[in-house]
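We name chains A, B, ... by the order of the sequence lines, and we start the count at 1 in each one. Please read all numbers here as calculations on a predicted model, not as lab measurements.
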Protein chains: 2
Amino acid sequence: MTQTMTVPHPIPEALAEMIAKRFRVLGDSNRLRLLDALRDGPLSVGGLTQATDCTQQNVSKHLGILHEAHLVKRERIGTQALYSIADPAVFELCEHVCGGLRRNVDDLSELLPGG
Amino acid sequence: MTQTMTVPHPIPEALAEMIAKRFRVLGDSNRLRLLDALRDGPLSVGGLTQATDCTQQNVSKHLGILHEAHLVKRERIGTQALYSIADPAVFELCEHVCGGLRRNVDDLSELLPGG
DNA sequence: GAGTACCACAACTCTACGGTTGTGGAGTTG
DNA sequence: CAACTCCACAACCGTAGAGTTGTGGTACTC
């Protein structure tokens, strides 16, 4: 499962920008919380607006960004728009980041007495 | 190795912001290229300046950001500053992102005739 | 058809951040 | 000490992007 080193080296400028762009899409806490809210299943814009404490317009805007990045799927049901996770792999990404953060904290902890 | 679902759900606002912040650090192509340039081993600021086409001040600034995020280590040797990868796991992150991008492209490819 | 949800687009403001310029400090060399 | 190299800090400018406000469009309901 751990496909190793498919990224060319040195990395082409264009690829670096593509990867960076996706990282930027994930670099907003509201968008992460929207994705998190969709873990239990599809939700409408109204439902997602309640899940976060943003305005409906703001939620719609962030969902548009996530949708353009193919991170969520959109399905229209009557007057509603049902959003769902397009690729569950995004959560693995967050797990990886969390793992890195944890190692950082552990390293700091060892530097302190009683750590 | 695949530690599953250690991220709480629903995700706390503060944690979402921490994860988002790290994503933002990785959301710049020059920083990704700096990390990529360090894959072969430690390099000085001068060396990294040559590897990219940025000014020395810009490289130093980005390295400062990467260092503050604990993504690179710094070691002073005389007048030089040797930077190196602090946690090789960042490359796995990039691999994951690349995997997601590939799936997106493949999905698009199937929609086109001859795909 | 009138009224009412539900959603998304556009324009605007304000902040965050990338890049440049200028400069100063630390270390080495002669 | 003087000159030079290497690096990082600070101030500035320009732009990308997050959030708000306003609004229009689509689909149900009565």
Could you check whether A/Asp28 pairs with B/Lys21 (Lys NZ or Arg NE/NH1/NH2 to Asp/Glu carboxylate O, under 4.0 Å)? no
Whole-Å gap separating C1' (C/dC6) and CG (A/Leu48): 13 Å
Between A/Ser44 and C/dC7, is there a contact of a side-chain N or O with OP1 or OP2 at under 4.0 Å? yes
Phosphate oxygens OP1/OP2 of D/dG19: is one of them under 4.0 Å from a side-chain N or O of A/Asn30? yes
Taking CZ from B/Phe23 and P from D/dA18, how many angstroms apart are they, rounded to a whole number? 15 Å
For the side chain of A/Arg31, starting at C-beta, report the closest nucleotide among D/dC9, C/dG19, D/dA18. D/dA18
Could you tell me the separation between the CD atom of B/Glu68 and the P atom of C/dG18, rounded to a whole number of Å? 12 Å
Show your working on side chain to side chain contact (heavy atoms under 4.5 Å, CB included) between A/Tyr83 and A/Lys73 and close with a plain yes or no. CA-CA 6 Å; A/Tyr83 283 89; A/Lys73 287 182 294 187; over 6 Å; no
Just how far, in rounded Å, is C1' of D/dT5 from CG of B/Leu82? 15 Å
Can you tell me the distance, in whole Å, between the CZ atom of A/Arg22 and the C1' atom of D/dG17? 18 Å
If the cut-off is 4.0 Å, is B/Tyr83 near the phosphate of D/dA8, judged by side-chain N/O to OP1 or OP2? yes
Is the shortest side-chain N to carboxylate O distance from B/Arg24 to B/Glu17 below 4.0 Å? yes
Within the structure, does a side-chain N or O atom of B/His62 lie under 4.0 Å from either OP1 or OP2 of C/dC17? no
Is B/Asp87 reaching over with its side chain to a backbone N or O of B/Leu71, donor-acceptor style, under 3.5 angstrom? no
Could you check whether A/Arg103 pairs with A/Asp107 (Lys NZ or Arg NE/NH1/NH2 to Asp/Glu carboxylate O, under 4.0 Å)? no
In terms of heavy-atom contacts, does CD of B/Gln50 have more than 12 from other residues, nucleotides or ligands at under 6.0 Å? no
For A/Gln56 and B/Gly78, find the nucleotide of DNA chain C closest to each by heavy atoms; which residue's nucleotide sits nearer the 5' end? A/Gln56
Send over the distance from A/Lys21 NZ to C/dC17 C1', rounded to a whole Å. 16 Å
With a 4.0 Å cutoff (strictly under), does any side-chain N or O of B/Arg24 reach OP1 or OP2 of D/dG17? no
Closer to the 5' end of DNA chain C via nearest nucleotide, is it A/Gln80 or A/Lys61? A/Gln80
State whether A/Thr55 places a side-chain N or O below 4.0 Å from either non-bridging phosphate oxygen (OP1 or OP2) of D/dT20. yes
Mind checking if B/Ile77 touches a base, just sugar-phosphate, or nothing, with heavy atoms under 4.0 Å? nothing
Can you tell me if B/Arg76 touches the phosphate of D/dC6, counting only side-chain N or O atoms and a distance under 4.0 Å to OP1 or OP2? no
Could you tell me the separation between the CG atom of B/Leu66 and the C1' atom of C/dC17, rounded to a whole number of Å? 14 Å
For the side chain of A/Ser60, counting heavy atoms from C-beta on, which of C/dA8, D/dG19, C/dG19 is nearest? C/dA8
Nearest to the side chain of B/Thr79 - C/dC7, C/dG18, C/dG27? C/dG27
Distance, rounded to the nearest Å, where B/Leu63 contributes CG and D/dC6 contributes P: 16 Å
